[in-house]
Protein chains: 2
Amino acid sequence: MTTLGYAILGLLSRETLSGYDLTRRMGEQVGYFWSARHSQVYPELARLEAEGYVTHSVVEQRERPDKKVYEITGTGLAALREWVTEPARPRPTRDELVLKAYSVWLADPAEAARLFREAASRHEGQLERYEEIEGWMKREWAEDLGRPGSPRFASYATLRRGLGYEREYAAWCRWLADALEGIR
Amino acid sequence: MTTLGYAILGLLSRETLSGYDLTRRMGEQVGYFWSARHSQVYPELARLEAEGYVTHSVVEQRERPDKKVYEITGTGLAALREWVTEPARPRPTRDELVLKAYSVWLADPAEAARLFREAASRHEGQLERYEEIEGWMKREWAEDLGRPGSPRFASYATLRRGLGYEREYAAWCRWLADALEGIR
DNA sequence: TAAGTCATGTAAAAAGTTACATGATTCT
DNA sequence: AGAATCATGTAACTTTTTACATGACTTA
């Protein structure tokens with residue numbers, strides 16, 4: 001099984017979804033820490049079905065094209081549950097902006113500062129979006145956020161990672177931009 | 001040009017290196033934010049040479065096999081310098097551990113807590129290694145760390161990113177492990 | 001009427017990992 | 001003698017991205 005397969009199972013363990021909806025989730029919720037295009041999702045769904053992890057049923061729609069709605073099977077849920085606590089083998093991080101920072105000594109400092117300030121803005125924007133979601137979760141999901149057996153707790157846990165990641169990334173960009181402009 | 005190409009040029013802009021040495025750097029210095037295996041490095045070097053970004057000369061060694069030492073050309077340096085300030089198009093983040101967190105509600109909390117505590121240890125270990133390097137840099141490179149035109153400044157900048165990344169990641173792992181164990 | 005969304009696929013190319021292949025020297 | 005390091009490559013495979021392909025319906 002591929003990691004993409006578990007990403008899909010993770011979504012289907014919460015709700016039934018079509019390939020189209022799965023692809024959208026891959027660009028939103030799960031997309032912040034795992035993503036895939038529809039051209040990867042459709043073949044993966046076929047593989048998951050061939051191996052008995054999911055099933056589908058065709059839902060006819062009047063005003064929209066028909067769709068295949070996928071559901072996780074008992075086998076799929078068991079496989080997902082087992083995978084969760086298995087140690088993940090570390091994948092190399094690849095971050096182009098940090099790579100640029102490594103060669104920033106070659107560039108015009110003012111121009112480089114612009115680049116990192118823009119990046120800071122992007123990450124701050126994402127941080128603000130996450131903070132709004134956090135506020136909403138704390139209001140609407142209060143009781144569930146302390147329950148490790150609740151999917152809402154798990155959603156909150158991943159959101160926390162996003163918050164920390166963006167906050168830290170933005171701070172680093174700002175620090176570097178300041179340093180490039182000679183601000184002490 | 002590929003990003004890997006710029007990673008290689010970034011290393012060659014600082015010192016001449018063989019494919020073998022480049023591969024090692026890809027697992028150390030640059031490896032923390034960009035990495036590649038030797039099977040990717042050798043063909044990429046050939047491509048870079050074919051396009052005039054690098055040249056090589058064979059260095060004969062008595063006690064070791066001969067090696068090809070690569071050097072960046074003026075064209076290569078110019079290309080690298082231009083690339084640094086060009087906006088990087090965002091690549092999707094893929095983090096299997098965060099994906100596991102998304103489905104952690106399915107797992108036994110105690111078992112899951114173990115997983116995230118182990119991850120916290122790994123990131124804390126990496127953080128400690130970075131902190132040692134930081135201490136060393138501040139002692140040995142003090143004058144350069146404020147000079148944006150110095151490669152040492154750039155090395156320090158990427159190290160800062162590593163420090164923040166590991167610190168934040170470890171804190172998140174610890175928070176999640178605590179939450180899974182019901183610690184408030 | 002043109003653009004956008006919903007919906008599902010396949011094909012080709014690029015990027016990255018794992019495995020295959022060789023050979024000298026050095027360290028234990 | 002066996003394992004590790006230095007040194008360079010190719011081949012096969014997996015993963016991911018980009019492009020090709022189609023068609024209905026909705027909104028501006």
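Numbers restart at 1 for each chain; the letters A, B, ... are given by sequence-line order, proteins then strands.
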Using a cut-off of strictly less than 4.0 Å, decide whether Q61(A) has a side-chain nitrogen or oxygen near OP1 or OP2 of dA7(C). yes
Would you please classify the geometry between the Y6(A) ring and the W83(A) ring as parallel, tilted or perpendicular, with 30° and 60° separating the classes? parallel
Donor-acceptor contact present, side-chain E49(A) to main-chain H56(A), <3.5 Å: yes
Looking only at side-chain N and O atoms, does R37(B) come under 4.0 Å of OP1 or OP2 in dC13(D)? no
Expressed as a whole number of angstroms, how long is the span from R47(B):CZ to dG16(C):C1'? 12 Å
Return the 5'-most residue of the pair W34(A), R24(B) with respect to DNA chain D, ranking by each residue's nearest nucleotide. R24(B)
May I have the distance from D66(A) (atom CG) to dA7(C) (atom P), rounded to whole angstrom? 10 Å
Rounded to whole Å, CZ of R89(A) lies from P of dT15(D) at a distance of 10 Å
In whole angstrom, give the distance that lies between atom CG of L22(A) and atom P of dG9(C). 12 Å
Quickly work out the Y42(A) OH to dT8(C) P distance and round it to whole Å. 4 Å
Residues, nucleotides or ligands: over 12 heavy atoms within 6.0 Å of E60(A) CD: no
Is the shortest side-chain N/O distance from Y20(B) to OP1 or OP2 of dC6(D) below 4.0 Å? yes
To the nearest angstrom, the CZ-P distance between R25(B) and dC6(D) comes to 11 Å
Listed nucleotide nearest any side-chain atom of K67(A), set dA7(C), dT16(D), dT17(C): dA7(C)
Check this one for me: any side-chain N or O of R94(B) less than 4.0 Å away from OP1 or OP2 of dT15(D)? no
L17(A) atom CG is separated from dA7(C) atom P, nearest whole Å, by 11 Å
Phosphate contact (dG16(C) OP1 or OP2) by R91(A) side-chain N/O below 4.0 Å: no
Do L12(B) and V69(B) share a hydrophobic cluster, counting only Ile, Leu, Val, Met, Phe, Trp and Tyr and linking them when any side-chain heavy atoms are less than 4.5 Å apart? no
Aromatic Y165(A) / basic R161(B) pairing, under 6.0 angstrom, 45° off normal: yes
Taking the side chain of H38(A) as heavy atoms from C-beta outward, which of dA19(D), dT10(D), dC6(D) is closest to it? dA19(D)
Any donor-acceptor pair, under 3.5 Å, between the side chain of S39(A) and the base of dT18(D), if you only look at N and O atoms? yes
Gap between atoms CD and P, on E44(A) and dT14(D) respectively (whole Å): 13 Å
